[in-house]
2 protein chains.
Amino acid sequence: MSRNTAQRKAIRRSLREAGRPLSAVEVLELAQRDVPGLGVATVYRTIKSLIEEGDLIAVPLPGSSDRYEHRDAALNHHHHFICNACGRAYDIPGCTMGFEGMAPPGFVVSGRDVVLYGVCDRCGEAGEDS
Amino acid sequence: MSRNTAQRKAIRRSLREAGRPLSAVEVLELAQRDVPGLGVATVYRTIKSLIEEGDLIAVPLPGSSDRYEHRDAALNHHHHFICNACGRAYDIPGCTMGFEGMAPPGFVVSGRDVVLYGVCDRCGEAGEDS
DNA sequence: CTAGTTGCAAAGCATTTGCCTGTGG
DNA sequence: CCACAGGCAAATGCTTTGCAACTAG
């Protein structure tokens with residue numbers, strides 16, 4: 001069913017090699033290196049089908065558009081980091097718990113999202129010349 | 001500079017009485033009880049000016065549009081809960097920490113968002129007739 | 001009186017869909 | 001060959017903005 005076209009290959013490769021969750025635009029830009037004529041619609045359509053196939057998961061973040069990463073990366077439960085300088089998202093390994101009991105009575109907790117904000121290593125380096 | 005119009009009063013009142021963070025549409029619907037002709041644009045504009053005045057804060061949530069709540073409500077640091085059934089957002093009192101050390105070396109953490117998902121008390125009751 | 005405020009409608013953005021051409025298998 | 005995939009452009013949904021009429025102070 002999936003026809004393994006050049007564009008699909010480029011999109012998969014971008015996500016695989018990024019090592020962090022990518023936004024649709026980031027995927028587009030990376031994949032366009034392989035397939036210059038690639039359009040946004042194709043990126044969105046391919047991402048959606050990859051999610052349906054179970055290869056990719058969507059990472060919703062507060063205040064910014066969804067990122068996407070390989071299911072494998074999400075298997076070991078982790079949280080995310082957003083750089084206030086460059087806006088990139090990163091994975092943070094490790095699972096924190098103890099939230100389930102925080103909810104008021106009558107509320108049933110079934111999941112959680114933890115997002116840290118700050119400055120990433122790359123942006124930290126760049127601004128160190130104080 | 002703020003002219004204390006009927007619509008502004010209605011919007012402030014909705015947010016004050018809700019007791020939880022409201023989306024723009026929720027504000028609109030509540031405020032329209034007082035001012036039937038109220039338009040969305042006014043809600044967004046008023047919310048923005050209330051934020052600039054420091055009365056309101058925006059609450060960005062993963063995967064859904066921003067909610068807004070009184071600054072006072074946000075003063076005692078807290079997290080948020082989103083009901084998977086009705087989509088409403090709630091405040092959860094209490095501050096969890098110990099995240100700052102989780103970031104990889106080179107990453108500086110300056111803030112965090114914790115969002116819990118599940119079923120709220122209202123929706124829990126409704127579905128209890130099993 | 002008159003600058004800030006409002007409602008409406010149009011403009012922006014990011015994402016989605018329709019449609020017709022292109023192509024992998 | 002031909003159904004799926006892709007590119008373009010139009011359509012969406014949410015938020016913002018332009019503008020002329022309106023009103024609080």
Side-chain angles (χ1 to χ4, degrees), chain A residues 1-15 18 21-69 80 82 86-89, chain B residues 1-15 21-69 82 86-89:
Chain A
M1 60 193 302
S2 97
R3 227 188 250 177
N4 211 35
T5 60
Q7 17 285 85
R8 185 169 292 237
K9 266 183 229 164
I11 289 170
R12 298 186 86 126
R13 198 164 79 85
S14 304
L15 283 154
L22 297 181
S23 67
V25 178
E26 285 174 324
V27 172
L28 177 69
E29 287 169 351
L30 286 173
Q32 279 181 337
R33 293 182 188 173
D34 294 317
V35 185
L38 183 61
V40 232
T42 301
V43 171
Y44 281 110
R45 264 189 294 236
T46 304
I47 285 174
K48 174 173 279 189
S49 83
L50 289 174
I51 288 174
E52 281 164 4
E53 290 167 24
D55 285 352
L56 226 56
I57 59 150
V59 181
L61 297 172
S64 56
S65 44
D66 285 6
R67 308 301 156 94
Y68 306 93
E69 66 183 346
H80 294 101
I82 302 181
C86 65
R88 269 188 279 259
Chain B
M1 64 191 298
S2 104
R3 225 188 250 177
N4 209 35
T5 60
Q7 17 286 86
R8 186 169 292 236
K9 269 183 228 164
I11 290 170
R12 299 185 86 127
R13 197 164 80 86
S14 304
L15 284 155
L22 298 182
S23 68
V25 179
E26 286 174 325
V27 172
L28 177 69
E29 288 169 350
L30 285 173
Q32 278 181 338
R33 294 182 187 172
D34 293 317
V35 185
L38 183 61
V40 232
T42 301
V43 171
Y44 280 109
R45 267 189 295 234
T46 304
I47 285 174
K48 175 174 279 190
S49 82
L50 288 174
I51 289 174
E52 282 164 4
E53 289 167 25
D55 286 351
L56 228 55
I57 59 151
V59 180
L61 297 173
S64 57
S65 43
D66 285 5
R67 308 301 156 95
Y68 306 92
E69 66 183 346
I82 302 180
C86 64
R88 268 187 280 259

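No experiment lies behind these values; they were computed from the predicted model shown. First the proteins, then the strands, lettered A, B, ... as listed; each starts at 1.
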Asks: Closest approach of A:Ile82 and A:Gly87, non-hydrogen atoms and distance?
Replies: CG2-O, 4.2 Å
Asks: Of the options C:dT17, D:dT16, D:dG25, whose atoms approach the side-chain atoms of A:Ala41 most closely?
Replies: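 Between C:dT17, D:dT16, D:dG25, the one nearest the side chain of A:Ala41 would be C:dT17.
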Asks: Near DNA chain C, which residues from residues 61-69 of chain B have a heavy atom under 4.0 Å away?
Replies: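 Contacts with DNA chain C under 4.0 Å: none.
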Asks: Does this structure show an ion pair linking A:Asp34 with A:Arg13, if we count only N-O contacts that are shorter than 4.0 Å?
Replies: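 Between A:Arg13 and A:Asp34 there is a salt bridge, with a charged N closer than 4.0 Å to a carboxylate O.
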Asks: Once you round it to whole Å, what is the distance between P of D:dC4 and CD of A:Glu52?
Replies: 14 Å
Asks: Hey, does B:Lys9 have a side-chain heavy atom less than 4.5 Å from the side chain of B:Asn4?
Replies: yes
Asks: Please report, rounded to the nearest Å, how far the P atom of D:dG6 is from the CD1 atom of A:Ile11.
Replies: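 So the two atoms are 7 Å apart, to the nearest Å.
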Asks: Would you check if A:Glu53 and A:Ser49 make a side-chain contact, meaning some heavy-atom pair closer than 4.5 Å?
Replies: yes
Asks: Give the rounded distance in Å between these two atoms: CG of B:Asn4 and C1' of D:dG25.
Replies: 11 Å
Asks: Roughly how many Å is it from CZ in B:Arg8 to P in C:dA3, rounded to a whole number?
Replies: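 B:Arg8 atom CZ is separated from C:dA3 atom P by 18 Å.
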Asks: Rounded to the Å, how far apart are A:Leu50 CG and D:dG6 P?
Replies: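 So the CG-P distance, A:Leu50 to D:dG6, works out to 10 Å.
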Asks: Nearest whole Å is fine: how far is D:dC14 P from B:Glu29 CD?
Replies: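 One finds 12 Å between P of D:dC14 and CD of B:Glu29, rounded.
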Asks: Under 3.5 Å, which N/O atoms of the protein pair with N/O atoms of nucleotides 19-21 of chain C?
Replies:
none

Asks: Base of D:dG25, side chain of B:Arg3 - is there a donor-acceptor contact under 3.5 Å?
Replies: no
Asks: Return the minimal non-hydrogen interatomic distance between A:Leu38 and A:Gln32, and the atom names on each side.
Replies: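 Nearest heavy atoms, A:Leu38 then A:Gln32: O-NE2, 2.9 Å.
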Asks: Grab the two heavy atoms, one from B:Arg88 and one from B:Arg67, that are nearest each other, plus how far apart they are.
Replies: C-NH1, 4.3 Å
Asks: Determine whether A:Glu69 and A:His80 make a side-chain contact, defined as any pair of heavy atoms from C-beta on separated by less than 4.5 Å.
Replies: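 The answer is yes; the side chains approach within 4.5 Å.
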Asks: For B:Lys48 and C:dT6, what is the distance between atoms NZ and P respectively, to the nearest whole Å?
Replies: 15 Å
Asks: Any chance you could measure A:Asp66, atom CG, to A:Ile51, atom CD1, to the nearest 0.5 Å?
Replies: 8.0 Å
Asks: Does B:Ser2 or A:Val35 map to a spot on DNA chain D nearer the 5' end, using the closest nucleotide for each?
Replies: A:Val35
Asks: Please report the shortest heavy-atom distance between B:Leu15 and B:Tyr68, naming the atom on each side.
Replies: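 Scanning both residues, the minimum pair turns out to be CD2-O, 3.3 Å.
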Asks: For the pair made of CD in A:Gln32 and C1' in D:dG7, what is the distance, rounded to whole Å?
Replies: 12 Å
